[in-house]
Amino acid sequence: ILCAFSTAFFTSKVEHESKHCNGKGIQRPGSSAFERVYTANQNCGQAYPTFLAVLWCAGLLCSQAPAAFAGLMYLFVRQKYFVGYLGERTQSTPGYLFGKRIILFLFLMSVAGILNYYLIFFFGSDFEIHIKTITSAISPLLLIP
């Protein structure tokens, strides 16, 4: 639901900037303000499928609470990225790098869950409690810039 609201906000900003620059409806005028808003919207839209896939896998295969926390942090960071992109592109760099770190965390959670599944399947060893403890301890570290 939050992804949908975020996408709707980004899209409405593109529409507003398009109408503000041209006044004739949604078109791609050559203004730099419109180009920044449009590019930021495209970048955010292209990143959401990857985000949703790793979020779902991390929550399903590893631990739901740290995955949900990382997901909320990612949505917040993408909002910061979008707003930073509206100013100058250098203002969006911290949000971009922070978002990459969160995606990496979710990806590593997914890999840990898959490895645990195969350890159970082949060797009968279950490390789920240890993995959940580690991910719960590491997830607050995502707040460090």
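All values below come from the heavy atoms of this structure, side chains included, with hydrogens, waters and symmetry mates left out. Numbering starts at 1 and runs along the sequence shown.
- A pairwise comparison of heavy atoms in T135 and C62 identifies CG2-SG, 3.9 Å as the closest pair.
- Here salt bridge (charged side-chain N to carboxylate O under 4.0 Å, His left out) pairs that include residues 112-124, with residues two or more places apart or in two chains, number zero.
- For the pair R101 and F98, the cation-pi test (distance below 6.0 Å, angle within 45°) is failed.
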Audit row: Y81, L97, side-chain contact (heavy atoms from CB on, under 4.5 Å) steps and yes/no: CA-CA 9 Å; Y81 167 79; L97 295 175; over 6 Å; no

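- Side-chain heavy atoms closer than 4.5 Å link hydrophobic residues (I, L, V, M, F, W, Y) into clusters, and following such links, possibly through other members, connects I102 to I134.
- Counting heavy atoms from C-beta on, the side chains of L106 and W56 never come closer than 4.5 Å.
- Put simply, CG on L108 and CD1 on I103 are 11.5 Å apart, with the number rounded to the nearest 0.5 Å.
- Within the structure, salt bridge (charged side-chain N to carboxylate O under 4.0 Å, His left out) contacts touching residues 120-129 (residues at least two apart or in different chains) are E128-K132.
- Partners of F127 according to the side chain to side chain contact (heavy atoms under 4.5 Å, CB included) rule, which considers only residues two or more places apart in sequence or in another chain, are N116, L119, S125, H130, I131.
- From Q64, atom CD reaches atom CG of L55 across 10.5 Å, with rounding to the nearest 0.5 Å.
- For Y74, the ring-ring contact (aromatic ring centres under 6.0 Å, His included) partners at least two apart in sequence or on another chain are F51.
- By the criterion of side-chain heavy atoms lying less than 4.5 angstrom apart, applied directly or through intervening Ile, Leu, Val, Met, Phe, Trp or Tyr residues, L60 is not grouped with Y48; the two fall into different hydrophobic clusters.
- In terms of heavy-atom proximity, S110 sits nearest to A58 at OG-N, 3.2 Å.
- Closest approach of G45 and P49 over heavy atoms only: O-CD, 3.3 Å.
- Partners of I114 by side chain to side chain contact (heavy atoms under 4.5 Å, CB included), not counting sequence neighbours, listed by chain and number: L61, Y118.
- Taking each heavy atom of P66 and M109 in turn, the nearest pair found is CB-CE, 4.0 Å.
- Scored by the side-chain hydrogen bond (donor to acceptor under 3.5 Å, both in side chains) test, Y96 finds no partners at all (sequence neighbours excluded).
- A search for side chain to side chain contact (heavy atoms under 4.5 Å, CB included) contacts involving F69 returns M73, S139, L143, not counting sequence neighbours.
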